[in-house]
Amino acid sequence: MLKIKKHPLLKYSEEVLDALHNQKPVVGVESTVIAHGLPFPENLITAQKIETVIRESGSIPATISLKNGHFLIGMNNEELEQFASTKGIPKVSSRDIPVILANKSLGATTVASSLVACDLAEIPFFASAGIGGVHRGAETSMDISADLIQFTRSKVAVVCAGAKNILDLNLTMEYLETQCIPIISYKSDDFPAFYCISSGIKSPHRVDDDEVIAKIIEKHWELGNKSSVLITSPINTEDAIAREEVEEIINKAMIAAEHAGIKGPMATPYLMKAVAQATAGKTVKANMSVLISTAELAGKLAKAHMNYLQNQMLN
Ligand code: PSU
Ligand code: MN
């Protein structure tokens, strides 16, 4: 049994603590998507399903949030229900963490702030349907998600379906290249775009083998990098939306956002909601599907990664 150094800012669920003690693979999950990404009750149903598929794939889920001056590392059902049904829980990115900790208020963690927690908790795997990125028009707005900057600071393997097409995906890829973040596309040649199978951009690397992915992650860290590795996998074909179909809707939603003066942290949730309304909920279904499939894959890859580490120790 491994002794875990308990960080004073973390509060573990029993299930996660037991997994870490017994070297079972753990997958971190964010809570902004529960509080802001999906409507109630789809958000609660999806949060529970994410946890179920991670367990079924052989890993333990750690849904992350902020409460009572701590990061929750693993949430019980009551806490998931609270986050899914309470209105106005703030979206907390990395810059906001100290304020929420000091105020002891509730906070829904984004990819960026969840990675801060994963790093402190020594959880090397994280699942996110869609990461933040460089926003369209960032040349003038300077709106670049802190998710990208956090990747350069957190030693976590992030499994995702790429970034949402409300972003500028070419600039997002450029930024990740500049910051030396490896992007590995699992069983696919393209960088996916959340509810679209492809962004139209070729991925720098395709890998089809789970053990090779584990090895790449470890090599990245053996090199002394203290940053993330991105692993992408597209949405299931049957739930995917055609790129052309959402493009026009996104353009309209962006004009509406500009008219309404929406910028900063509320830009992503506003645009996602506008697109969902315009597609009569089709993107909500796609969003749920991609959250579940990325969680499932993260569970499987976290297990392969743990097996790889254990085999390394034996040899
Ligand atoms: N997916 C959604 N809605 C969201 C997000 C994801 O459908 O609000 C969140 C994620 O938590 C992601 C964050 O980390 O948006 C990025 O926001 P920003 O661009 O403000 O950094
Ligand atoms: Mn932003």
Side-chain angles (χ1 to χ4, degrees), residues 28-40 42-43 46-47 50 63-66 83-84 88-97 100 107-118 126-152 154 156 158-169 171-172 175-176 192-196 228 230 235 239 241 246 250 253-254 257 262-279 281-295:
V29 182
E30 61 156 300
S31 49
T32 287
V33 74
I34 308 175
H36 296 280
L38 287 169
F40 183 81
E42 282 84 358
N43 56 356
T46 311
I50 286 171
T63 306
I64 296 166
S65 62
L66 284 146
F83 273 73
I89 297 181
K91 170 179 166 183
V92 178
S93 193
S94 299
R95 64 155 188 195
D96 310 306
I97 301 169
I100 301 296
T109 51
T110 62
V111 170
S113 56
S114 300
L115 292 181
V116 172
C118 282
F126 183 77
S128 157
I131 57 168
V134 180
H135 281 256
R136 297 186 188 194
E139 315 81 275
T140 47
S141 70
M142 296 273 283
D143 193 348
I144 299 175
S145 173
D147 291 358
L148 300 188
I149 288 81
Q150 197 60 49
F151 292 151
T152 70
S154 298
V156 183
V158 178
V159 180
C160 65
K164 304 161 199 102
N165 10 22
I166 57 169
L167 302 164
D168 187 322
L169 297 182
L171 291 187
T172 302
Y175 189 89
L176 291 169
F194 199 56
Y195 27 58
C196 306
S228 304
L230 272 194
I235 185 169
D239 298 313
I241 300 178
V246 273
I250 290 168
M254 287 191 58
I262 307 286
K263 343 182 247 234
M266 286 336 280
T268 301
Y270 178 91
L271 290 171
M272 299 299 287
K273 255 181 226 136
V275 174
Q277 272 165 7
T279 58
K282 198 169 159 188
T283 57
V284 172
K285 190 165 165 272
N287 200 344
M288 290 167 79
S289 161
V290 73
L291 276 159
I292 291 159
S293 61
T294 45

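Order of listing sets the numbers, starting from 1, for every ligand and every atom in it.
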Out of all atoms in ligand 1, which are within 4.0 Å of some heavy atom of [X]? Include the element for each.
{"X": "Lys91", "result": "15 (O), 17 (O), 18 (P), 20 (O)"}
{"X": "Glu30", "result": "10 (C), 11 (O)"}
{"X": "Thr110", "result": "11 (O), 14 (O)"}
{"X": "Asn287", "result": "7 (O)"}
{"X": "His135", "result": "19 (O)"}

Any donor-acceptor pair under 3.5 Å linking the side-chain atoms of [Y] with those of [X]?
{"X": "Ser94", "Y": "Ser113", "answer": "no"}
{"X": "Thr109", "Y": "Ser114", "answer": "yes"}
{"X": "Ser154", "Y": "Gln150", "answer": "yes"}

ask   = Can we say Asp239 and Lys285 salt-bridge, meaning some charged N sits less than 4.0 Å from an Asp/Glu carboxylate O?
value =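 Yes, charged N to carboxylate O under 4.0 Å.
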ask   = Where does Thr32 meet ligand 1, judged by heavy-atom distances below 4.0 Å: at the side chain, the backbone, both, or neither?
value =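 Side chain only.
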request  = Could you tell me whether Asp147 approaches ligand 1 through its side chain, its backbone, both or neither, with non-hydrogen atoms closer than 4.0 Å?
outcome  =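 Contact part for Asp147 vs ligand 1: side chain (C-beta onward).
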Could you tell me whether the side chain of [X] and the main chain of [Y] form a donor-acceptor pair under 3.5 Å?
{"X": "Thr32", "Y": "Lys91", "result": "no"}
{"X": "Lys164", "Y": "Phe194", "result": "no"}
{"X": "Arg95", "Y": "Ala146", "result": "no"}

Looking at [atom], what's its closest protein heavy atom, distance included?
{"atom": "atom 3 (N) of ligand 1", "result": "Gly37 CA, 3.7 Å"}
{"atom": "atom 15 (O) of ligand 1", "result": "Thr268 CG2, 3.7 Å"}
{"atom": "atom 21 (O) of ligand 1", "result": "Ser145 OG, 2.7 Å"}

task = Answer whether the closest heavy-atom distance between the side chains of Phe126 and Val159 falls below 4.5 Å.
result =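 Phe126 does not reach Val159 side chain to side chain.
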query = Which of these, Thr63, Thr46, Val29, sits in a side-chain contact (heavy atoms from CB on, under 4.5 Å) with Ile34?
reply =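 Filter result, single survivor: Thr63.
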request  = Could you check which N/O/S atom of Asp143 is closest to the Mn ion (ligand 2)?
outcome  =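 When I compare the N, O and S atoms of Asp143, OD1 is nearest to the Mn ion (ligand 2).
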ask   = Between the candidates Met266, Met272, His36, Lys164, which shows the shortest non-hydrogen contact distance to atom 5 (C) of ligand 1?
value =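 Selected option, by shortest heavy-atom distance: Lys164.
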inquiry  = If you measure every N or O of Val111 against every N or O of ligand 1, does any of those distances drop under 3.5 Å?
reply    =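 Min N/O separation from ligand 1 is below 3.5 Å for Val111.
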query = Does ligand 1 have any atom sitting under 4.0 Å from a heavy atom of Pro269?
reply =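 So Pro269 counts as touching ligand 1.
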